[in-house]
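Everything below concerns the one structure shown next.
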Amino acid sequence: MSIYEVLQIIVPSAIFFAAPLIFTALGGVFSERSGVVNIGLEGLMIIGAFVSVVFNLTFADQFGAFTPWLALLAAMIVGAVFSLLHAVASVSFRADQVVSGVAINFLALGLTLFLVKKMYGKGQTDQIQVGFDKIDVPVLSHIPVIGPLFFSNAYIPSYLAIILAFVAWYIIYKTPFGLRLRAVGEHPMAADTMGINVTKMRYIAVMISGALGGIGGGVYATIISRDFSHATISGHGFMALAAMIFGKWHPIGAMGAALFFGLAQSLSIVGQTIPFLKNVPTVYLLIAPYVLTILALAGFIGRAEAPKSLGTPYIKGKR
Amino acid sequence: GCGGQGGNNAGNKDTFSVAMVTDVGGIDDKSFNQSAWEGLQKFGKDNNLKKGRGGYDYLQSSSDADYATNLNKLVRSDFDLIYGIGYLMGDAIKEVAKQNPKKHFAIVDTVVNEPNVASITFKENEGSFLVGVVAGLTTKTNKIGFIGGMEIPLIEKFESGFRAGVKAVNPKAKVEVQYAGAFDQADKGKAIASSMYASGIDVIYHAAGATGNGLFSEAKDLKKKDPNREIWVIGVDKDQAPEGMVKVKGKTYNVTLTSMVKRVDVAVYDVAKRAKDGDFPGGKTLEYGLPENGVGIAPTQDNIKPEVLKAVDQWKQKIIKGEVKVPTNRKELQQFEASLK
Amino acid sequence: MNLNRLNQFFVPVLAVLLGMIVGSIVMIVSGYNPIAGYSALIYGAFGDPYYIGETIRQTTPYILSGLAVAFAFRTGLFNIGVEGQLIVGWLVAVWVGVSFDLPKVIHLPLAILAAALAGALWALIPGILKAYLKVHEVIITIMMNYIALHVTNAIIRSVLSDEGFKSQPIHESASLRSDFLDAITYHSTMHYGIIIAVIGAVIMWFLLEKTTKGFELRAVGFNQHASQYAGMNVRTNIVLAMVISGAFAGVAGAMEGLGTFGNISTKAGFTGIGFDGIAVALIGGNNAFGILLSALLFGALKVGALEMPSSAGVPTELVDIIIALIIFFVASSYIIRLLLSRLQKGAE
Amino acid sequence: MEYVIEMLNIRKVFGNFVANDNITLQVKKGEIHALLGENGAGKSTLMNVLFGLYQPDGGEIRVKGQKVNITDPNVANDLGIGMVHQHFMLVDTFTVTENIILGSEPTKGGTIDIKRAEREVRELSERYGLAVDPTAKIADISVGMQQRVEILKTLYRGADILIFDEPTAVLTPQEIHELIQIMKKLVKEGKSIILITHKLKEIMEVCDRVTVIRRGKGIATLNVSETNPNELAALMVGREVQFKTEKKPAQPGKPVLEIKDLVVKDARGVTTVNHLDLTVHAGEIVGIAGVDGNGQTELIEALTGLIKAESGTILLNGRDITNLPPRKIIEAGVGHIPQDRHKHGLVLDFPIGENMALQTYYKRPYSKRGILNFKAIYEKARQLIAEFDVRTPDEYTKARALSGGNQQKAIIGREVDRNPDLLIAVQPTRGLDVGAIEFIHKRLIEQRDQGKAVLLVSFELDEVMNVSDRIAVIYEGKIVAIVDPKETTEQELGLLMAGSKRKEAGVSS
Ligand SMILES: Nc1ncnc2c1ncn2[C@@H]1O[C@H](COP(=O)(O)OP(=O)(O)OP(=O)(O)O)[C@@H](O)[C@H]1O
Ligand SMILES: Nc1ncnc2c1ncn2[C@@H]1O[C@H](COP(=O)(O)OP(=O)(O)OP(=O)(O)O)[C@@H](O)[C@H]1O
Ligand SMILES: [Mg+2]
Ligand SMILES: [Mg+2]
């Protein structure tokens with residue numbers, strides 16, 4: 001295999017692998033930029049996966065090819081609503097945000113499996129029949145070299161994820177909303193004295209994270225697992241959390257980190273087929289993505305600065 | 001000193017009750033747990049048993065630590081025969097069986113040497129051999145894939161039988177083997193499938209549980225994109241034809257070439273029946289292979305060409321007659337491959 | 001002051017009650033009988049010596065993983081890697097249990113210490129990266145979990161067994177099991193690990209609250225700058241905190257290896273005990289005594305839940321919902337406190 | 001309509017504590033009105049009520065004659081009230097412009113119009129003479145400039161009633177001078193100012209009237225022209241206060257600290273201490289005077305072992321302590337009152353009693369064989385709390401809950417009690433009221449009289465002149481002059497600090 005052929009395998013699979021992580025990590029960026037730790041990303045993905053699959057199974061006949069899109073919409077809405085729990089607990093009730101996030105994870109898993117049992121009388125759903133199609137992007141996929149790498153055999157949601165990262169960057173760094181969001185996460189009291197409603201901003205941010213986490217889970221379920229069970233989302237939310245921190249709480253950084261994970265993952269898969277790696281025991285390839293991440297962090301990425309007031313509830317009048 | 005008066009020979013009671021403990025997959029895992037439960041249900045129906053205590057029942061585990069607890073619960077509920085489903089339950093069955101020597105137990109997929117335990121194993125290698133034959137004769141690219149869940153002896157058995165089957169009918173074909181390291185990572189399954197299909201592989205067999213979901217998803221998406229492309233999945237454990245259905249512009253295709261079925265239901269039914277009839281095979285290991293109909297090729301065979309089916313049948317007979325000994329691990333596979341030359 | 005103390009005790013209890021109440025609402029809404037559900041739950045957790053034994057067995061590793069998480073929290077670190085440290089602890093405990101033939105008084109402690117050391121070493125890496133390169137411990141520990149899982153599986157396959165999926169059983173001399181416990185709990189899998197777990201809690205309390213080193217670790221956890229000004233070595237303290245946390249996690253693994261299972265099998269996924277430890281620690285207020293109680297709560301809920309489907313027809317997942325609700329209520333103790341103080345004021 | 005602001009009988013209660021007990025404050029249009037009171041008297045609380053951060057429990061507020069209900073800062077903004085807070089309300093990672101426009105951003109098609117914003121900020125800063133760099137990050141600019149940003153924030157919102165809560169506590173003399181000019185300019189533009197400060201001199205210099213409060217109660221409102229500092233201090237503290245701390249002449253002994261040819265680089269690698277020489281003797285207080293940013297921070301950090309010196313030596317009692325770890329230096333006999341008490345001085349979440357053992361916890365009797373002896377620790381804490389008049393409910397109270405002055409007293413108690421040969425005090429009285437300042441100065445002199453060496457770093461020329469026996473002027477990382485406080489003037493010091501060479505007294509060490 002030539003390097004180019006290898007790339008042709010690695011790159012598309014890295015991108016689809018990364019897509020759910022990108023959505024979810026972007027959600028994390030919004031929440032944490034506003035100062036609310038969101039360790040509940042895993043739970044939000046679970047909710048999204050569940051909703052999108054149930055929606056898909058229920059309405060595929062009515063909506064046909066639109067089903068997966070509407071399912072993502074549903075996952076987004078339910079994810080946002082579900083994340084309200086985290087917002088209420090950690091913003092209004094001044095709960096420890098880590099605790100509340102852990103509760104979100106427990107609740108999401110328990111509730112969705114409970115509902116699956118209730119609705120279908122079994123521990124997992126059937127397979128959905130209408131998913132997203134693999135496409136070759138018109139025109140772009142014909143660009144020599146780049147086309148086959150980046151614009152062939154891909155899913156639209158993957159591109160949406162990447163586009164969304166740039167949109168998020170724009171929102172966070174270029175709009176009044178973003179400025180206020182960051183201010184609330186860095187110095188809520190300063191924001192308060194400037195007439196910004198800290199509570200409202202944090203609610204919005206947490207709900208955005210719920211919406212994006214929901215989409216992330218939905219994309220995962222729709223493109224990858226195609227059904228929902230206890231094992232559908234297993235650690236992906238934590239990987240998204242890692243991507244967010246790896247990306248230094250920056251949307252583009254988070255996207256880059258998620259793509260890095262995807263790349264490392266598919267490298268380790270393709271590695272098994274590269275002749276001179278053939279005799280390397282499988283375990284080295286299995287751990288390669290994680291080791292690579294650690295090396296990258298230790299080697300050249302360096303320290304990350306979290307938003308200053310991350311994790312502290314804002315209490316008016318308290319220094 | 002635990003509850004109940006039961007414990008003498010179960011066959012003598014007027015109602016015979018039977019139960020099983022599943023692993024975390026539960027009774028609808030589309031795999032061996034589900035199959036086992038189907039066997040029990042059939043047994044229950046055939047013998048007019050009710051679901052629940054005194055009839056037939058199951059308990060689901062939510063972690064490895066629950067196996068012994070659940071088995072004990074069933075012992076204390078006084079079931080006459082108790083199944084542990086899956087190789088992971090071996091230790092727990094052994095322990096509980098020792099503690100309750102008068103109770104009858106059965107374990108699926110591994111061997112427990114206790115006088116009151118019947119061990120049920122399958123010759124997955126034989127069934128895999130047959131689908132290997134299918135793969136070897138169906139491939140156009142002479143490139144075939146195998147995706148394993150975890151690298152454990154059980155899965156190696158699938159791998160070795162499959163590779164032997166391919167080699168036996170198509171020496172030119174190469175089998176690419178990858179292990180995902182888990183049974184529940186569909187994303188990894190999809191990534192592996194994606195890289196395999198991209199490298200020209202056209203038939204992939206999996207023994208990877210829910211990781212295999214990713215394989216189906218990838219195959220279907222590729223098929224949808226290009227219905228003319230011939231790519232196939234070979235399913236495992238149950239008939240996975242429903243998983244392979246894909247509709248393109250009103251036309252229905254199925255990427256499932258066939259499946260290697262493992263009839264846990266047959267074995268479970270069988271052992272329950274024998275226990276009821278007072279013929280409990282305690283201390284014995286029952287190996288279900290091709291002759292016992294314990295493994296085989298799924299009934300959905302629409303995608304297999306008739307001549308291939310014919311070849312499958314010939315090999316099946318050879319195996320049943322003992323003319324071919326199907327390897328169970330990689331070492332035996334090497335010997336087998338050498339013997340072909 | 002006195003009222004505060006009382007509240008400190010009442011708030012978690014109230015949180016548990018509230019969680020149960022909302023849980024019963026969920027049951028009613030979804031058509032189950034909450035009384036039957038909870039009876040089954042309680043019976044399944046404490047109904048007779050067998051169930052009590054199982055509950056204690058389940059509680060044991062929860063205590064230790066909770067302590068591991070809490071120790072890190074108290075020293076300013078978030079150790080999501082308890083799961084991985086637990087797995088390597090389990091592996092090494094079993095390895096020692098299988099490979100040596102020694103008198104019990106030496107073998108058992110040796111196996112436990114080896115597990116502690118393994119967990120500590122596994123935590124050393126994120127500790128060093130955090131202390132010297134300021135790399136966020138959360139990512140590194142997440143990554144280390146996966147590495148632990150795969151590496152352990154590979155070692156089990158190639159070293160501890162002959163290409164099989166599980167190790168040999170450990171020698172009797174390294175086992176925490178006993179015929180006595182087996183007899184009094186009607187063959188439950190309970191083992192002497194509970195004593196070690198309780199000792200662990202005492203050690204953590206003593207270490208943090210009473211010792212000089214604990215003072216330093218807490219100070220560094222709260223304010224690195226001030227600690228450095230006061231002459232403490234911030235870096236070594238960070239590494240040490242992580243390592244001690246990892247040691248607790250390693251011992252939690254030893255409980256599984258030397259007690260519950262007596263061997264180690266290749267793992268298809270995480271045990272969950274490490275992640276549950278986060279919840280245990282948080283419900284227990286990151287305090288050693290609180291963790292004993294919250295681990296017991298967790299253990300009882302998890303073991304009792306197994307009884308719910310067969311006796312009351314209630315899915316076990318309901319327990320996860322109840323646990324989540326309890327965590328929410330504990331987390332929102334501010335509101336509960338507020339309500340309590342309103343009530344107290346009203347009563348005056 | 002005489003008053004722009006009338007706060008009538010304002011009451012504010014926290015729990016059971018009455019922070020504002022029916023205080024009345026009336027501000028005339030175009031005046032600078034001082035609000036004076038001890039630490040914790042309730043000044044900030046009153047102003048936070050006016051700014052809408054707190055809701056009063058009683059009383060009424062009128063703005064320009066209209067009764068108003070200021071429910072949040074937005075309402076205050078609309079009423080033209082702006083506040084420069086005691087603790088800066090600036091987002092460190094934002095630029096000057098971003099901080100100023102936050103909450104009322106100019107936009108163009110949904111995007112922040114940053115170009116326009118920068119232009120507006122620049123215009124505004126030129127108009128009021130508030131020099132700032134609109135594109136600089138807050139983290140990178142001086143405290144003085146941060147203060148100007150705070151003022152610009154209020155002006156940007158069109159405020160014509162400005163509240164300054166202790167604006168000068170963190171400024172250097174030059175910056176204070178500039179600020180005073182700015183305030184004068186603002187009133188000339190028709191704005192009204194409420195100024196909170198502990199520095200009576202400033203009140204005398206710029207204010208028209210002054211309202212004094214004590215323990216939450218209004219005491220008096222006076223015309224500045226009709227009062228004097230002594231009267232104000234007495235009103236505020238409730239007793240006579242000495243401004244000039246009494247002290248005997250110094251009796252310098254052997255050298256305790258000898259710094260020779262010291263070179264230190266800051267975090268960015270810039271050499272900020274540049275071949276510095278300085279000696280401090282037993283029994284004397286050496287004050288370091290200098291404009292912020294001339295190497296003071298790095299000098300102190302090198303002395304205390306927090307950063308490494310590039311070259312040169314530091315001797316303590318003749319022993320080389322250069323680049324030893326902090327603990328070794330502490331044990332060698334160095335005490336340190338850090339500039340930032342929250343960040344470096346205390347573990348705010350520890351009880352105040354344990355904070356007092358922050359350096360000694362590992363020694364007998366506080367620790368035996370690795371086990372802490374809390375009895376001994378808290379006994380010591382009780383003794384220090386009594387001795388240093390730390391006002392706290394008890395020794396188990398978290399340090400966070402103490403007021404700044406009391407936190408500072410606790411730190412000083414802790415450092416002095418260790419009986420160090422060299423006591424380094426950096427800005428020890430920042431933000432404290434005259435009573436607390438008096439107390440702390442007395443303690444420093446007491447140390448000197450016991451034969452200790454004291455190195456005082458302060459931006460307050462008053463303090464340096466008052467307390468020191470010798471003044472070392474630092475400029476661009478060097479000691480450029482050593483002067484005797486009795487023989488110099490503030491003007492002369494100011495010139496030296498600005499880098500002008502002194503003819504007679506050359507560089508000495
Ligand atoms: N949010 C609060 N909760 C409870 N008590 C408070 C709060 N804010 C202030 N106090 C109390 O009110 C008193 C007055 O505080 P305030 O900040 O107004 O003092 P101040 O006059 O501004 O002091 P300083 O000169 O030190 O700035 C404090 O001593 C404190 O006890
Ligand atoms: N949110 C709060 N809750 C309780 N007490 C508070 C709160 N905010 C302030 N305080 C009280 O306010 C007092 C400190 O307020 P104050 O502003 O007077 O201190 P300070 O001397 O100005 O401190 P600094 O020098 O740091 O500005 C303390 O007694 C503290 O108990
Ligand atoms: Mg104040
Ligand atoms: Mg103050």
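Computed from heavy atoms alone, side chains included, the values below leave out hydrogens, waters and symmetry copies.
Counting non-hydrogen atoms of neighbouring residues, nucleotides and ligands closer than 6.0 angstrom, the NZ atom of B:K51 exceeds 12 such neighbours.
The candidate with the highest count of non-hydrogen atom pairs below 4.5 Å against chain C, out of B:L154, B:D64, B:V96, B:L88, is B:D64. Contact count versus chain B (heavy atoms, under 4.5 Å) is highest, among C:T271, C:N263, C:T260, for C:N263. When each of B:Q185, B:E95, B:R53 is scored by its heavy-atom pairs under 4.5 Å with chain C, the top score falls to B:E95. With chain C as partner, the option from B:L59, B:D57, B:D66, B:D184 having the largest number of non-hydrogen pairs under 4.5 angstrom is B:D66.
The NZ atom of C:K302 sits 8.0 Å away from the OG atom of B:S63 when rounded to the nearest 0.5 Å. Between B:I152 atom CD1 and C:S265 atom OG the span is 10.0 Å, to the nearest 0.5 Å. To the nearest 0.5 Å, the span separating CE on B:M150 from NE2 on C:H150 amounts to 9.0 Å. Here OH of B:Y87 is found 4.5 Å from OG1 of C:T266. Values are rounded to the nearest 0.5 Å. C:D182 contributes atom CG, which lies 5.0 Å from atom CD of B:Q99 (distance to the nearest 0.5 angstrom).
With a 6.0 Å cutoff to the six-membered ring centre and a 45° limit on the axis angle, B:R76 counts as a cation-pi contact of C:Y51.
Looking at C:T316, neither its backbone nor its side chain comes within 4.5 Å of chain B, counting heavy atoms on both sides. If you measure heavy-atom distances from C:Q58 to chain B, the contacts under 4.5 Å come from the side chain alone.
Residues C:S310 and B:L74 fail the side-chain proximity criterion, which asks for heavy atoms closer than 4.5 Å. Inter-residue side-chain proximity for B:V75 and C:H187 is flagged as unmet; no heavy-atom pair is nearer than 4.5 Å.
The two residues C:F165 and B:P153 have their closest heavy-atom pair at N-CD, 3.8 Å.
With C:R157 contributing its side chain and B:E151 its backbone, the two residues share a donor-acceptor pair below 3.5 Å.
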**OP:** Starting from the C-alpha separation in whole Å, work towards a yes-or-no answer on side chain to side chain contact (heavy atoms under 4.5 Å, CB included) for C:L306 and B:S62.
**Re:** CA-CA 8 Å; C:L306 296 174; B:S62 40; 4.2 Å; yes

**OP:** Might you work through the side chain to side chain contact (heavy atoms under 4.5 Å, CB included) test for C:Y50 and B:N72, ending with a clear yes or no?
**Re:** CA-CA 9 Å; C:Y50 172 76; B:N72 253 310; 2.7 Å; yes

